[in-house]
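What follows is a single structure, written as structure tokens, with notes after it.
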Amino acid sequence: DVVFIDEAEQTWPHFLEDLERGQWKSEYRADEKPDLALAPTPRFDLLKIERYHAITIQFASGCPFQCEFCDIIVLYGRKPRTKRPAQVMREIAECHRLGAKQVFIVDDNFIGDRKLAKALLREMAAWGEQHGWPMDFQTEVSLNVAQDEELLSLLRAARFTTLFIGIETPRKESLAETKKMQNMRGDLIESVHRIQAHGIQVQAGMIVVFCALEVFLFYIFWEVMLVPMYFLIGIWGGKNKLYAAIKFFLYTLTGSVFMLLAILYVYFKTGHNGGAPTFDLFAMLDLAGTGAIATGAAGLCFLAFFLGF
């Protein structure tokens with residue numbers, strides 16, 4: 001076996017040379033982070049473009065923030081490295097030539113280097129206008145994008161329809177604990193609405209859970225929102241209604257038991273509620289047990305209904 005440690009842009013060519021000589025190493029480690037400005041244009045022509053909803057390209061790597069739960073800064077560093085706007089435009093033009101309609105720029109944080117990001121967006125907007133807006137774009141950014149009106153306007157002008165943003169949690173104590181400071185610079189809802197006001201959809205990345213309170217809230221979300229969704233998927237998607245009803249019963253019962261165990265685990269693991277409002281253990285058990293019984297009973301009712309009782 002051969003192990004590649006860190007990014008392989010520099011070490012892969014060395015491995016191929018060693019392989020050709022029949023004297024390869026068991027481990028290849030990069031001396032430094034690769035310069036994305038030297039990256040060649042990917043061979044998009046090798047793809048069956050019609051089989052892809054979106055083609056992925058990269059502009060930047062790394063992120064300037066220090067969220068403690070994120071692996072990006074460990075793997076790719078806190079100093080953003082970027083391609084030149086001209087490189088990215090060549091990739092976009094090639095995707096367009098091959099017939100792509102959607103392009104996802106899969107950066108760790110597209111606006112890590114805000115100055116270069118704006119330069120690229122201006123070129124993308126000009127290219128889109130010149131070609132009649134043939135493609136839509138999506139990417140990943142940090143929430144502080146909402147504090148830059150020029151940046152939002154440029155994203156809209158370049159035809160970005162969706163931004164994936166790590167919202168994580170509305171609880172400020174959890175954000176501070178995990179060093180997600182960029183999400184504490186303004187009102188969370190207001191920031192999302194400011195992005196949406198530019199006609200851009202926000203896809204939120206959420207973390208479940210930071211504390212016992214959030215376990216409890218997620219349990220309620222599961223019971224109120226997700227369980228009926230499972231039921232509808234099962235009933236509408238399956239030809240055998242009996243099977244669908246039984247599946248619904250098992251999903252709801254399993255989900256309730258899982259959330260009950262999660263609540264108990266967090267409670268006894270932490271010994272407290274992580275600064276959240278105090279919850280009585282027995283009240284939580286009562287709510288969880290009631291939810292399990294209620295969803296189980298609902299499952300039995302639907303089973304009886306589809307059996308014709």
Side-chain angles (χ1 to χ4, degrees), residues 4 6-17 19-20 30 33-63 72 75-76 80-142 145 151-166 195-196 198-205:
F4 290 84
D6 292 326
E7 298 170 73
E9 281 89 339
Q10 296 174 343
T11 52
W12 182 253
H14 297 316
F15 164 70
L16 293 179
E17 294 173 0
L19 180 63
E20 189 174 3
K33 302 295 183 185
D35 184 356
L36 295 187
L38 302 177
T41 300
R43 288 290 306 278
F44 296 115
D45 59 294
L46 298 177
L47 301 176
K48 292 180 172 61
I49 296 293
E50 68 278 2
R51 297 186 179 183
Y52 290 81
H53 171 70
I55 302 301
T56 57
I57 67 174
Q58 183 182 27
F59 165 59
S61 182
C63 180
I72 294 301
L75 294 173
Y76 304 117
R81 291 167 287 124
T82 68
K83 295 178 180 177
R84 297 291 177 255
Q87 288 176 271
V88 181
M89 293 311 302
R90 284 195 295 270
E91 295 183 18
I92 290 174
E94 178 65 2
C95 291
H96 171 53
R97 185 186 70 82
L98 295 170
K101 302 299 183 184
Q102 301 269 349
V103 170
F104 196 114
I105 303 180
V106 289
D107 291 2
D108 307 321
N109 186 351
F110 179 77
I111 62 171
D113 187 325
R114 198 174 302 192
K115 181 179 179 180
L116 273 178
K118 289 182 178 181
L120 173 59
L121 290 172
R122 291 186 183 97
E123 292 200 26
M124 290 176 65
W127 180 89
E129 184 175 9
Q130 180 182 354
H131 291 82
W133 312 109
M135 292 193 296
D136 293 333
F137 298 91
Q138 302 88 40
T139 193
E140 304 176 32
V141 299
S142 43
V145 68
L151 185 55
L152 288 173
S153 297
L154 286 171
L155 285 164
R156 179 57 182 169
R159 201 62 175 253
F160 277 78
T161 60
T162 304
L163 298 179
F164 178 89
I165 299 176
I195 298 168
Q196 293 172 330
H198 287 75
I200 301 174
Q201 173 183 250
V202 174
Q203 288 184 349

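Small disclaimer: the values here were computed from a predicted structure and weren't measured.
- With rounding to the nearest 0.5 Å, the separation of CG in Leu120 from CD1 in Ile111 is 13.0 Å.
- Within 6.0 Å of atom CD in Glu20, 12 or fewer heavy atoms from other residues, nucleotides or ligands are found, so the atom counts as exposed in its surroundings.
- When all heavy atoms of Cys63 and Asn109 are compared, the pair lying nearest together is SG-ND2, 3.6 Å.
- Listed by chain and number, the residues in a side chain to side chain donor-acceptor pair (under 3.5 Å) with Asp107 amount to none (sequence neighbours excluded).
- The ring-ring contact (aromatic ring centres under 6.0 Å, His included) pairs that include a residue from residues 112-133 are His96-Trp127, His96-His131, Trp127-His131, where partners are two or more places apart or lie in different chains.
- Rounded to the nearest 0.5 angstrom, Arg84 CZ and Leu38 CG are separated by 9.0 Å.
- Between Phe160 and Phe110, the ring center distance clears the sub-6.0 Å criterion.
- Using a distance-only test at 3.5 Å, with no hydrogens or angles considered, no donor-acceptor pair links the side chain of Thr162 to the main chain of Gln138.
- Under the 30°/60° scheme for interplanar angles, the aromatic rings of Phe15 and Phe4 are found to stand perpendicular.
- No side-chain heavy atom of Thr82 sits less than 4.5 Å from a side-chain heavy atom of Leu36.
- Between the NE2 atom in His53 and the CZ atom in Phe104 there is a gap of 10.0 Å [rounded to 0.5 Å].
- A distance of 6.0 Å separates CG of Leu152 from CD1 of Ile200, quoted to the nearest 0.5 Å.
- Summarising the geometry, atom CD belonging to Glu7 is positioned 5.0 Å from atom OG belonging to Ser61; distances are rounded to the nearest 0.5 Å.
- Looking at residues two or more places apart in sequence or on another chain, you find no side chain to side chain donor-acceptor pair (under 3.5 Å) involving Gln87.
- Atom-to-atom distance recorded for Thr161:OG1 and Met135:CE is 12.0 Å, nearest 0.5 angstrom.
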Query raised in the report: Taking it one step at a time, do Ile55 and Leu98 satisfy side-chain contact (heavy atoms from CB on, under 4.5 Å)?
Result: CA-CA 10 Å; Ile55 302 301; Leu98 295 170; over 6 Å; no
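- Put simply, the side chain of Asp108 does not reach to within 4.5 Å of the side chain of Leu75, judged on heavy atoms.
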